[in-house]
Amino acid sequence: MKNIRFKYQTIEFGEDDIHLRTLKDKQQFKDENKIAEKLGISSASWSLFGVLWPSSEVLANFIYDYDFKNKRILEVGCGIGLSSLILNHLDADITATDYHPEAEKFLDINTELNEDEEIPFVRVDWKNNYSDKLGKFDLIIGSDLLYERNHPELLSSFINAHANLNCKVILVNPNRGYQAKFTSKMEKYGFNCISFEPENTDFLDEPYKGKIFKYSR
């Protein structure tokens, strides 16, 4: 099995820079001990956690200007963890989670690249409750998470389990399906929703077709 190849880049946020090591492209794959395979992650989807997606950039740019002071923040399905990295760089109280077995390693390497403090990370499966490891949060964020039929139910339940009574949830969805079903599930947990297009996406190579969804309880 060939060694995977990487790509290095710097993402600008106002006066702040985040240095990022990602997979070179979506063709990379390495699962020598079949850890990902045992978790149900196929070779075709193995690399998806480790590349930079437009929705991830939209979320990170939005959260950069968001009032996150005095909030305990959770990133769900962090992937390469761009939002967690910029929040950590700004000394926010951020915890990252993902299902992929390599996500924590990449997050640690990127944190070191930026000479920042280690980001708390927990590998999670949305089917389970991790109250003992995670606790409750004031702000929960994520991007491009609703791409399988069972995700609305699993994600809404997971978020509710780790959301404080008063909590904001910010998700970025690139016009994938299941958004309406997810919103319906969130309403049953007491969350109201507003959605809007991002104001400025000049940092992307192409116009962004998705929206930002903000849930409040």
Side-chain angles (χ1 to χ4, degrees), residues 1-9 11 20-60 74-85 95-111 119-130 133-134 140-159 161-162 169 171-183 185-186 204-206 208-211 213:
M1 184 179 294
K2 294 181 179 179
N3 288 329
I4 55 177
R5 299 180 66 188
F6 305 107
K7 176 181 179 180
Y8 291 84
Q9 57 191 303
I11 310 295
L20 205 59
R21 189 194 79 164
T22 66
L23 295 174
K24 181 177 180 294
D25 51 43
K26 289 180 283 188
Q27 305 305 313
Q28 306 303 312
F29 174 72
K30 190 173 185 180
D31 189 26
E32 291 178 336
N33 297 318
K34 297 186 177 181
I35 296 173
E37 182 181 324
K38 292 174 183 176
L39 293 173
I41 301 172
S42 69
S43 58
S45 63
W46 184 91
S47 65
L48 301 185
F49 85 97
V51 295
L52 186 60
W53 295 91
S55 293
S56 174
E57 292 191 73
V58 170
L59 176 62
L74 174 68
E75 183 172 12
V76 182
C78 69
I80 205 66
L82 181 59
S83 289
S84 288
L85 289 164
T95 299
T97 62
D98 201 279
Y99 186 58
H100 200 288
E102 293 293 319
E104 182 177 15
K105 183 188 299 183
F106 273 66
L107 190 66
D108 287 345
I109 290 171
N110 281 317
T111 303
I119 299 173
F121 177 92
V122 178
R123 197 185 73 78
V124 302
D125 182 337
W126 294 343
K127 297 176 183 178
N128 300 314
N129 185 322
Y130 295 84
K133 293 183 178 180
L134 290 173
I140 298 175
I141 62 174
S143 61
D144 202 355
L145 302 176
L146 301 169
Y147 50 86
E148 292 187 9
R149 181 174 297 179
N150 63 345
H151 282 177
E153 182 172 356
L154 292 176
L155 179 58
S156 60
S157 177
F158 181 85
I159 286 175
H162 300 289
V169 178
L171 300 184
V172 178
N173 189 354
N175 269 354
R176 295 191 189 274
Y178 310 119
Q179 181 66 54
K181 184 177 180 181
F182 174 79
T183 296
K185 294 286 185 181
M186 290 290 283
L204 298 177
D205 294 332
E206 298 179 359
Y208 188 72
K209 298 179 180 179
K211 290 183 178 181
F213 294 82

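Here the structure is a predicted model, which is why all the values come from computation and not from measurement. Count residues from 1 along the sequence.
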*Do F182 and F213 have their ring centres less than 6.0 Å from each other?*
no
_Which residues share a side-chain contact (heavy atoms from CB on, under 4.5 Å) with R123, sequence neighbours left out_ = L39, Y99, F121
*asked:* Holding to side chain to side chain donor-acceptor pair (under 3.5 Å), I want the full list of residues that pass it with S157, two or more places apart in sequence or in another chain.
replied: none
*Applying side-chain contact (heavy atoms from CB on, under 4.5 Å), name anything that partners Q9, two or more places apart in sequence or on another chain.*
K7, I11, L20, T22, L52
*Parallel, tilted or perpendicular: rings of H162 and F158 (30°, 60°)*: tilted
*Quick one: list whatever passes ring pair (Phe, Tyr, Trp, His ring centres under 6.0 Å) with Y147, sequence neighbours left out.*
H151
*Once you round to the nearest 0.5 Å, how far does CG of L145 lie from CD1 of I159?*
7.5 Å
*Which pair of non-hydrogen atoms, one from W46 and one from K30, has the smallest distance, and what is that distance?*
CZ2-O, 3.1 Å
*Set of residues satisfying side-chain contact (heavy atoms from CB on, under 4.5 Å) with respect to L154, sequence neighbours excluded*: W126, K127, N150
*For residues A103 and G79, report the shortest heavy-atom separation together with the two atoms involved.*
CB-O, 4.1 Å
*Sequence neighbours left out, what pairs pass salt bridge (charged side-chain N to carboxylate O under 4.0 Å, His left out) with at least one residue falling in residues 96-105?*
E102-K105
Solution key, residues 171-180 side-chain donor-acceptor pairs under 3.5 Å, sequence neighbours excluded:
residue: N173; atom: OD1; partner: R176; partner atom: N; Å: 3.2
residue: N173; atom: ND2; partner: Q179; partner atom: OE1; Å: 2.6
residue: N175; atom: ND2; partner: K209; partner atom: O; Å: 2.8
residue: R176; atom: NE; partner: D144; partner atom: OD1; Å: 2.4
residue: R176; atom: NE; partner: D144; partner atom: OD2; Å: 3.4
residue: R176; atom: NH2; partner: D144; partner atom: OD2; Å: 3.2
residue: Q179; atom: NE2; partner: Y215; partner atom: OH; Å: 2.7

*Interatomic distance, L107 atom CG to I119 atom CD1 [nearest 0.5 angstrom]*: 4.0 Å
*Not counting sequence neighbours, which residues clear side chain to side chain donor-acceptor pair (under 3.5 Å) with S84? List them please.*
E75
*Residue pair T97 / V76: nearest heavy atoms and the distance that separates them*: OG1-CA, 3.4 Å
*Would you say D31's side chain and E37's backbone share a donor-acceptor pair under 3.5 angstrom?*
yes
*asked:* Rounded at 0.5 Å granularity, tell me how far OG in S156 sits from CG in L146.
replied: 9.0 Å
*asked:* Check whether S45 reaches the backbone of I41 with its side chain - one donor and one acceptor, N or O, closer than 3.5 Å.
replied: no
*Under the side chain to side chain donor-acceptor pair (under 3.5 Å) test, which residues partner N129, sequence neighbours left out?*
S131
*Can you name the side chain to side chain donor-acceptor pair (under 3.5 Å) partners of D108, sequence neighbours left out?*
none
*Crowded around K181 NZ? As in, over 12 foreign heavy atoms under 6.0 Å?*
yes
*State the CG-CG distance between N110 and L82, to the nearest 0.5 angstrom.*
9.0 Å
*Looking only at heavy atoms, what is the nearest atom pair of S83 and L59, with distance?*
OG-CG, 3.4 Å
*Distance in Å, R5 CZ paired with Q28 CD, rounded so as to fall on 0.5 Å steps*: 7.0 Å
*asked:* Just to verify, what does K26 make a side-chain contact (heavy atoms from CB on, under 4.5 Å) with, not counting sequence neighbours?
replied: S47, L48, V51, W53
